[in-house]
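Down below is the structure, laid out as structure tokens.
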Amino acid sequence: MVVQRVLESEVVRILDGCTNLNHAKQVHAHIYRNNLHQCSYVITKLLRVITTLRHVPLHSYPRLLFAQVHTPNPFLWTALIRAYALRGPLSQALRLFCSMRKRGITPVSFTFSALFSACGAASDATLGVQLHAQTLLVGGFASDLFVNNTMIDMYMKCGLLRCARRVFDEMTERDVVSWTGLIVAYARRGEMKAAQDLFDGLPVKDMVAWTAMVTGYAQNAMPKNAVEVFQRLLDEGVEIDEVTLVGVISACAQLGASKYAKWIRDIAESSGFGAGSNVLVGSALIDMYSKCGNVEEAYNVFKGMRERNVFSYSSMIVGFAIHGRAHAAIKLFYDMLETEVKPNHVTFVGVLTACSHAGLVNQGQQLFATMEKCYGVAPTAELYACMADLLGRAGYLEKVLRLVETMPMKPVGAVWGALLGASHIHGNPEVAEIASKRLFELEPDNIGNYLLLSNTYASAGRWDDVSRVRKLIREKNLKKNPGWSWVEAKNGMIHKFVAGDVKHPQINEIKKELNELLERLKGIGYQPNLSSVPYDINDKEKRLLLMAHSEKLALAFGLLSTDAGSAVKIMKNLRICEDCHIVMCGASKLTGRKIVVRDNTRFHHFLNGACSCRNFW
DNA sequence: ATAGGGTTAG
């Protein structure tokens, strides 16, 4: 008996070090030789080990192991169920659960938790609800904290917020894990108010709960709140880790201000989770710097990372692409192919966007054609949108129409949007009509599409059609998203401008500066681009409207408030208008300043009269 | 044992 025990624990110790299936099978043979194959304890351990071996197909191996034991105990049953629950097929796990119940064997908490976590991963709410009912039938589990917590998580992952809430409300005992589960459920639904109320009522908050709030705000495009919560977390002396940092870094990326970028970079470096040693933080910082307009620093972070994964490469490639550094993006893509890191569809979105901006139609088509065969990346609707953009931008509008007809899935808005954008760039109202017809069905409330169509008509002088579109906008009661721009002054203060701004304290000085600049531009041939105004009003009124655009005010302020040698960085919430783009080009030439404008999709780097976007955006 | 996780754009 004692010898048996010693053997058992020895085998279990060996199993702990098992990292591949062959090794596990060798140990299995050893178990058999020592007549331990009927021992629940040993076989349970073996099952657990092989369950963790990802990428190894399990087939019927778990069942065969299990069948050798004459009187399996609940733990062995659970290990078997867990193997199929986590590795699939889930239906098999459920069948085993039923036979366990039929044999009168009482499950343990872990049996339910394994099944719930699998239902969550598979988003299988039907099965989850059935199992929920089982927990009520089997004595004692309705009030089991651990089981209830995994149930909340399951309902959260299935998107069933009300069910998660009911479990929470009916729990007799709750801990910080229960609260956090529900907070995340609300956050994923975008109900940050409810999440915040729950969090405020949470008696003992830990790092994970705080992180859930930071991440929740970041994911719901409320970066200011995310930063505030993070600051409070720091003030209260809560520990942080890489997950906390990633959440707040993503918020700083959305804020786009170098002040926040520096702030969080320093915190990350001194926390022990710096870019050099942590892939997660490093990749998030790459994305943040590129979205803050500092693609050089993004690249510095990239170069300084000890380990890089597909996120690091993709973020950097996308970063180069949105800054108009197409060749750098493409080169990095080919560098990546030399490493073990495999590209995914996001990587291809990045590299195809780069090809599109550089006008490299052939190279982009080549990559798209070989993507699946050579790199195992299946085309998605988003990738088709990249192709529509690539071809459309280059002027091949008919080819885009053919691509749309032949694509194997239903075109998403982005595909038609790319075609509409291309029709606008190439002044083709007929194709713009085709694209917008489909786009209005898919995105009836997206005012940008209506404006782009109206703009295309305006450029062609088709004013009747312009008013028809404007009537459509009125009928649908769509409100134009107010355009605004902001500039970070030397001290990190952010100055915000709207079109026709009168509220800024230095507005007179700014207007004077702008007027002088525009006069000097006229001296070198600038003419206000009146077709940028999609209203049927007289030319004088058009000139006045154009002059008051928020990005022009921001430019004038930026020129006034920063040092002569430094770049002016402007951010805009909408697409930059053609006339402003022309003015930025001219201003960069006249003043010798570098001007960087981030609009809603990309960065424009104006230097010496030219823009990095090659006047396509 | 259970809760928080980064890259996609017209």
Side-chain angles (χ1 to χ4, degrees), chain A residues 48 78 82 108-114 116-117 120 144-154 156-157 175-185 187-188 202 206-216 218-219 240-250 253 278-288 290-291 309-319 321-322 343-353 356 380-383 385-386 388-389 392-393 412-425 435-436 439 443 446 448-449 452 575 600-602 617:
Chain A
R48 284 191 186 169
T78 300
R82 185 166 174 266
V108 293
S109 313
F110 199 53
T111 321
F112 283 112
S113 92
F116 282 131
S117 101
D144 186 295
L145 177 64
F146 179 55
V147 168
N148 281 321
N149 281 349
T150 52
M151 219 143 61
I152 290 177
D153 188 54
M154 181 272 296
M156 185 267 290
K157 292 200 167 108
D175 64 3
V176 65
V177 177
S178 337
W179 288 82
T180 308
L182 201 61
I183 287 170
V184 171
R188 297 245 169 117
L202 175 51
D206 67 0
M207 174 174 73
V208 179
W210 280 98
T211 303
M213 289 306 295
V214 173
T215 307
Q219 289 172 343
I240 57 170
D241 71 2
E242 78 265 38
V243 185
T244 324
L245 282 166
V246 160
V248 68
I249 291 170
S250 143
N278 192 294
V279 228
L280 208 76
V281 171
S283 305
L285 286 174
I286 291 171
D287 175 58
M288 177 188 77
S290 89
K291 286 183 178 148
N309 63 12
V310 64
F311 287 94
S312 335
Y313 275 99
S314 304
S315 300
M316 196 63 242
I317 289 169
V318 170
I322 62 172
N344 64 13
H345 67 286
V346 180
T347 324
F348 274 94
V349 167
V351 72
L352 289 176
T353 306
S356 174
T380 60
E382 282 71 27
L383 284 163
C386 290
D389 187 57
R393 222 173 261 275
V412 290
V415 177
W416 295 113
L419 182 58
L420 176 59
S423 313
H424 175 248
I425 293 171
S436 38
L439 214 40
E443 303 174 350
N446 184 343
N449 297 330
L452 212 48
R575 186 178 182 278
N600 57 350
T601 53
R602 67 172 50 78
W617 71 97

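Each chain gets a letter, A, B and so on, in the order the sequences are listed, and its residues count up from 1. Hydrogens, waters and symmetry mates are skipped; everything else that's a heavy atom, side chains included, is used.
- If you check every strand for non-hydrogen atoms under 4.0 Å, A/R82 touches nothing.
- Residue contacts shown for A/G413 include a base, since a base heavy atom lies under 4.0 Å away.
- In this structure, A/S315 has no side-chain hydrogen bond (donor to acceptor under 3.5 Å, both in side chains) partners at least two apart in sequence or on a different chain.
- Among the protein residues, A/V346 comes within range of the nucleic acid bases, having at least one heavy atom under 4.0 Å from a base atom.
- Remark: A/S290 engages A/A298, A/I322, A/H323 in a side-chain contact (heavy atoms from CB on, under 4.5 Å) (not counting sequence neighbours).
- Judged purely by atom type and a 3.5 angstrom limit, A/S250 has no side-chain atom pairing as donor or acceptor with the backbone of A/V246.
- Using a 4.0 Å heavy-atom cutoff across all strands shown, A/V246 reaches sugar-phosphate atoms only and no base atom.
- In this structure A/R393 satisfies the salt bridge (Lys or Arg N to Asp or Glu O under 4.0 Å) test together with A/D389, sequence neighbours excluded.
- Contacts of A/S117 with the nucleic acid, taken as non-hydrogen atoms under 4.0 Å apart, are absent.
- A/Q219 comes within 4.0 angstrom of sugar-phosphate atoms only, judged by non-hydrogen atoms across all strands, and of no base.
- Here A/L280 lies in heavy-atom contact (under 4.0 Å) with a base.
- Nucleic acid contact for A/G421: sugar-phosphate only, since backbone atoms but no base atoms lie under 4.0 Å from a heavy atom of the residue.
- In terms of modelled atom types and a separation under 3.5 Å, the side chain of A/S312 and the main chain of A/N309 share a donor-acceptor contact.
- Backbone-only contact: A/M156 has heavy atoms under 4.0 Å from sugar-phosphate atoms and none from a base.
- Heavy atoms of A/L439 sit under 4.0 angstrom from at least one base atom.
- Residue A/V147 is classed as having no contact, given no heavy-atom separation below 4.0 Å to the nucleic acid.
- Contact annotation for A/S113: no contact, since no heavy-atom pair falls under 4.0 Å across all strands.
- Nucleic acid contact for A/N148: none, since no nucleic acid atom lies under 4.0 Å from a heavy atom of the residue.
- Note on A/N600: nothing from the nucleic acid sits closer than 4.0 angstrom, heavy atoms only.
- Chain A approaches DNA chain B within less than 4.0 angstrom (heavy atoms of the protein), and the contacting nucleotides run 5' to 3' from B/dA1 to B/dG10.
- In terms of the side-chain hydrogen bond (donor to acceptor under 3.5 Å, both in side chains) criterion, A/T150 has no residue partners (sequence neighbours excluded).
- Every residue two or more places apart in sequence or in another chain that forms a ring-ring contact (aromatic ring centres under 6.0 Å, His included) with A/W179 is listed here: A/F168.
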